[in-house]
Amino acid sequence: MSNPIHDRNGRSEQASLPPGGSLRTLMAQDRMHARLLFLAGGFFVLFSAISFKLTLATIIRPMPPQQQQIAPQVPPIPKSDPKGIIAGDTVLPQVHRASVIDRTGQVLAMSLPVAQVYANPLEMIDPTDAAHKLKSVLPTLNEAETKRRLSLNKQFVYLARDITPAQELAINNLGIPGVYFEPGERRRYPMGRVAAQILGGVDIDDHGVAGIERYFDRRLDTDRTPLRLSMDVRVQNVVHDELQGAMDMFQAIGACAIVMDVHTGEIISMVSLPDYDANDFGKAPPDSRFNRAVTGMYEPGSTFKLQTTAMALQEGVAHIWDRFSSIPIKIGRFTISDMKSDHFAPWLYLPEVMAYSSNPAAAHIALDAGAARQQDWLRHMGFFSRVPVELPEAGHPIIPSLHNWGVSTTMTVAFGHGVAEPPLSIVRGTAATANGGFLLKPTLLAHDSAPAVPGAETAASDADIPPDAERVISAANADILRKILRLDVVKGTGQKAESPGYYVGGKTGTAEKIGPHGGYLKHVNVSAFTGIFPMNAPRYAIYVMLDSPKPTAQTHGWTTAGWNAAPTASHMITRIAPMLGLFPDTQHTAAIEAELAIPMEPAVPRGYRALGPDYDPGTAHLHEHDHEHDAPARAARHARTPRDATDTAQITDRALHARNDVRRTPAQHPRDRG
């Protein structure tokens with residue numbers, strides 16, 4: 001029998017052990033407690049490290065998610081930009097088509113992220129409930145039609161297109177099985193009507209179908225850098241405002257205006273009315289989508305006399321001291337005459353021909369040059385071909401048959417009848433007379449050196465002329481033409497185009513329109529003004545055209561360009577010039593006017609025999625018309641048929657100009673009203 005061990009208190013050691021315990025058990029428990037404590041410490045250290053890492057990654061130094069971790073519709077995490085370096089960035093990572101901006105960075109066209117909603121009806125549990133829930137997010141959704149589509153025995157049906165990211169998120173939160181999303185984008189035009197015909201539009205697949213969108217379709221799809229145009233939306237808005245006001249005042253059926261840099265060829269503004277909201281391209285009527293500045297073909301009228309004068313000077317056919325007859329010219333049963341001739345002499349000096357806008361005198365200048373020179377000049381100036389500009393809608397001019405370009409055609413083309421040109425061609429030709437004689441290629445793309453900040457425009461120089469520009473007029477002759485254009489505004493038909501301090505120069509032109517059955521329509525005109533400002537340091541060309549303006553009390557019953565197009569151009573210049581960095585100079589008026597002055601009746605230099613009453617070689621060509629007039633039927637076989645009804649309404653009566661289309665009554669005769 002064993003004896004228990006007793007302590008001083010009389011209790012045995014065995015009594016202190018737990019029930020069923022032993023010394024070995026106690027030691028095992030101690031080891032277990034130590035392991036648990038070590039393990040707990042390890043977990044504490046591990047979780048502390050994880051907590052620290054999470055705090056560092058989410059609060060102290062958060063890390064952006066990788067590209068493959070986020071959905072296509074989720075925009076990137078914005079970066080801090082205290083200096084505003086990326087404030088003008090219009091590139092969105094979730095769209096592929098590049099934005100279009102103006103020269104100042106204003107967004108004209110951009111693509112926004114959208115989604116297409118589709119479903120797999122075979123995965124649908126309750127089509128009725130699903131349609132009802134979708135209707136709560138998409139108010140325009142046809143619930144009955146959606147229910148029908150969700151009940152089809154198909155694996156794919158479209159439910160809605162072009163929904164916003166917010167709507168996509170709301171539908172996703174509905175948790176409807178079988179509903180999916182397809183990322184996409186939608187083209188938007190934040191400025192609405194601004195430059196609508198220039199921007200054009202895209203189809204449902206985001207492919208360009210008109211305007212800049214079509215011309216640069218591949219570039220916009222492959223290079224996400226914004227496409228920067230030469231246009232200035234500030235100028236565009238002012239030009240649109242003034243042109244719309246003139247169109248309303250004179251009740252014109254259409255109008256257009258162009259502002260172009262005469263040194264670079266950049267088109268700063270191009271407006272065609274009526275227009276439309278670019279966001280509604282598909283619903284716009286054809287007349288609103290019609291760009292009158294490049295697609296419309298109009299008889300240039302007296303604005304073409306600038307080309308006749310430039311040709312005569314450059315070819316050495318005439319000088320400023322030569323005189324030309326303003327006496328009406330008989331052509332068979334027809335007569336070329338002026339609207340009014342009681343305010344000038346029967347024989348006019350070259351500057352007077354332009355200032356008074358005499359048709360017979362311009363015809364005599366062309367006769368002196370001859371048909372061959374006239375054709376070569378117009379061809380060289382680009383009037384026989386499509387105007388080179390980045391718009392697919394740019395049309396081809398309408399010209400008489402070259403085989404029948406006889407005396408009558410030579411004379412009438414001299415004052416802008418018998419040809420139909422787009423307004424941009426007229427602007428291009430006008431710019432060549434003011435920039436030192438260079439024929440430019442008009443462009444809608446901003447020049448590399450064009451200032452991007454409003455108000456940062458600098459003075460232009462000949463160094464700004466593009467290297468591909470061709471000199472077509474000598475510097476000396478360009479200087480003469482510049483002074484003649486200024487003379488037309490100071491003393492001629494364009495006086496109402498003057499804008500104080502900007503020394504405007506230009507030429508008016510009013511051509512009677514052609515009726516649907518041929519023949520000119522009395523008192524139905526296309527009035528236009530083409531000009532340059534400031535003429536002492538030419539920088540911009542401006543063109544204004546009104547189609548079929550009506551007379552008003554302010555115009556005293558007149559519908560000619562001097563009464564409507566010219567004052568409209570003046571209003572535009574006064575408002576847009578400061579936006580373009582030009583300010584009126586009224587302190588040096590006398591010196592500037594003296595520099596631009598040219599006499600109405602220049603003296604003949606010693607040793608020259610001037611053209612005049614007793615010496616006019618071109619008059620002999622008039623007898624050639626007798627031979628032309630003998631065979632009108634033969635000439636008719638060579639007539640060029642207008643392409644469509646629009647052309648018929650815009651080109652001149654070929655019976656007069658090429659003897660080959662429509663017969664008119666003897667009372668009808670061509671008149672350009674300046």
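All values reported here derive from a predicted model rather than from experimental measurement.
- Using modelled atom types, no side-chain atom of Arg149 and backbone atom of Leu159 make a donor-acceptor pair closer than 3.5 Å.
- When every heavy atom of Pro397 is checked against every heavy atom of Phe383, the shortest pair comes out as CG-O, 3.2 Å.
- Within the 4.5 Å cutoff, no side-chain heavy atoms of Thr264 are placed close to those of Ile465.
- Here Asp277 does not pair with Arg193 in a salt bridge; the nearest charged N to carboxylate O distance is not below 4.0 Å.
- Between Asp287 and Arg292 there is a salt bridge, with a side-chain nitrogen of the basic residue lying less than 4.0 Å from a carboxylate oxygen of the acidic one.
- Salt-bridge check for Glu393 with Arg214: failed, with every basic side-chain N at 4.0 Å or more from each acidic carboxylate O.
- In this model, a donor atom of one side chain and an acceptor atom of the other lie less than 3.5 Å apart for Ser269 and Gln236.
- Contact record, Phe181 with Asn172: CZ-N, 3.8 Å, taken as the closest heavy-atom pair.
- Within a 6.0 Å radius of CE in Met27, other residues, nucleotides and ligands contribute 12 heavy atoms or fewer.
- In this structure, Glu266 contributes its side chain and His447 its backbone to a donor-acceptor pair below 3.5 Å.
- Using a 4.5 Å cut-off on side-chain heavy atoms (C-beta onward), Val544 and Leu243 make contact.
- Ile198 contributes atom CD1, which lies 3.5 Å from atom CE of Met231 (distance to the nearest 0.5 angstrom).
- At a threshold of 4.5 Å between non-hydrogen side-chain atoms, the residues Tyr215 and Leu391 do not count as touching.
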- Message: Go through it in stages, so that I can follow the logic: the residues are Leu227 and Arg219, the test is side-chain contact (heavy atoms from CB on, under 4.5 Å), and I'd like the CA-CA distance, side-chain angles, deciding distance and then a yes or no.
- Response: CA-CA 9 Å; Leu227 179 67; Arg219 187 274 189 222; 3.7 Å; yes

- Given Phe216 and Val100, is the side-chain contact (heavy atoms from CB on, under 4.5 Å) satisfied, shown in steps? CA-CA 10 Å; Phe216 291 104; Val100 179; over 6 Å; no

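- Counting only N and O atoms by type, the side chains of Glu213 and Tyr189 include a donor and acceptor under 3.5 Å apart.
- A donor-acceptor contact shorter than 3.5 Å links the side chain of Lys135 to the backbone of Leu141.
- You'll find the side chain of Met124 reaches within 4.5 Å of the side chain of Pro127, heavy atoms only.
- Arg35 places no side-chain N or O within 3.5 Å of a backbone atom of Leu39 that could act as its donor or acceptor partner.
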- Message: Test side-chain contact (heavy atoms from CB on, under 4.5 Å) on Thr443 and Ile267; report intermediate values, then the result.
- Response: CA-CA 6 Å; Thr443 180; Ile267 297 173; over 6 Å; no

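- Side-chain atoms of Gln244 and Asp248 form a donor-acceptor pair, as typed in the model, at a separation below 3.5 Å.
- Nearest approach of Ala394 to Arg386, heavy atoms of both residues: O-NE, 3.1 Å.
- Cys256 contributes atom SG, which lies 12.5 Å from atom CG of Asp275 (distance to the nearest 0.5 angstrom).
- Here CG of Leu582 is found 10.5 Å from CD1 of Ile573. Values are rounded to the nearest 0.5 Å.
- Between the CG atom in Asp241 and the CE atom in Met572 there is a gap of 9.0 Å [rounded to 0.5 Å].
- Salt bridge status for Asp468 with Lys441: absent, with no side-chain N to carboxylate O gap under 4.0 Å.
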- Item | Met545/Val526 under side-chain contact (heavy atoms from CB on, under 4.5 Å): CA gap, chis, key distance, verdict | CA-CA 7 Å; Met545 184 274 290; Val526 173; 3.8 Å; yes

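- Partners of Phe156 under the ring pair (Phe, Tyr, Trp, His ring centres under 6.0 Å) rule, at least two apart in sequence or in another chain, are Tyr118, Tyr158.
- Under a 3.5 Å cut-off, the side chain of Ser288 and the backbone N or O of Ala284 do not form any donor-acceptor pair.
- Ion pairing between a basic and an acidic side chain is recognised when a charged N comes within 4.0 Å of a carboxylate O; Arg575 and Glu242 show such pairing.
- For the pair Arg187/Arg97, a side-chain contact is recorded, criterion being any heavy-atom separation below 4.5 Å from C-beta on.
- Ser230 approaches Ile268 most closely through the heavy-atom pair O-CD1, 3.8 Å.
- At distances below 3.5 Å, at least one donor-acceptor pair connects side-chain atoms of Asp217 with backbone N or O atoms of Gly208.
- Arg289 forms no cation-pi arrangement with Tyr276, by the criterion of a distance under 6.0 Å to the ring centre and an angle within 45° of the ring axis.
- Taking CZ from Arg188 and OG from Ser99, the interatomic distance works out to 13.5 Å, rounded to the nearest 0.5 Å.
- For the pair Ile532 and Val262, the tightest heavy-atom approach, listed with the atom from each and the gap, is CD1-CG1, 3.9 Å.
- Side chains of Ser527 and Asn564: a donor on one and an acceptor on the other come within 3.5 Å.
- For the 3.5 Å distance criterion, the side chains of Glu123 and Tyr180 qualify, holding a donor opposite an acceptor.
- More than 12 heavy atoms of other residues, nucleotides or ligands shown are found within 6.0 angstrom of CG on Leu54.
- Sorted by first and then second residue, the side-chain hydrogen bond (donor to acceptor under 3.5 Å, both in side chains) pairs involving residues 197-210 (not counting sequence neighbours) form an empty list.
- Side-chain contact check for Phe250 versus Asp547: every heavy-atom pair is 4.5 Å or farther apart.
- Side-chain atoms of Glu390 come within 3.5 Å of backbone atoms of Leu444 as a donor-acceptor pair (strictly under, hydrogens ignored).
- Arg428 places no side-chain N or O within 3.5 Å of a backbone atom of Leu439 that could act as its donor or acceptor partner.
- The main-chain N or O of Val233 is never found under 3.5 Å from a side-chain atom of Gln106 such that the two would form a donor-acceptor pair.
- Between the Thr430 side chain and the Ile426 main chain, a donor and an acceptor come within less than 3.5 Å of each other.
- Put simply, the side chain of Ile258 reaches to within 4.5 Å of the side chain of Pro423, judged on heavy atoms.
- Between the side chains of Ser499 and Thr574, a donor-acceptor pair is found at a separation under 3.5 Å.
- When all heavy atoms of Leu150 and Pro121 are compared, the closest pair comes out as O-CB, 3.3 Å.
- Atom CG in Leu440 sits 5.5 Å away from atom CE in Met260 (nearest 0.5 Å).
- Side-chain contact between Gln116 and Ile163 is absent, with no heavy atoms from C-beta onward closer than 4.5 Å.
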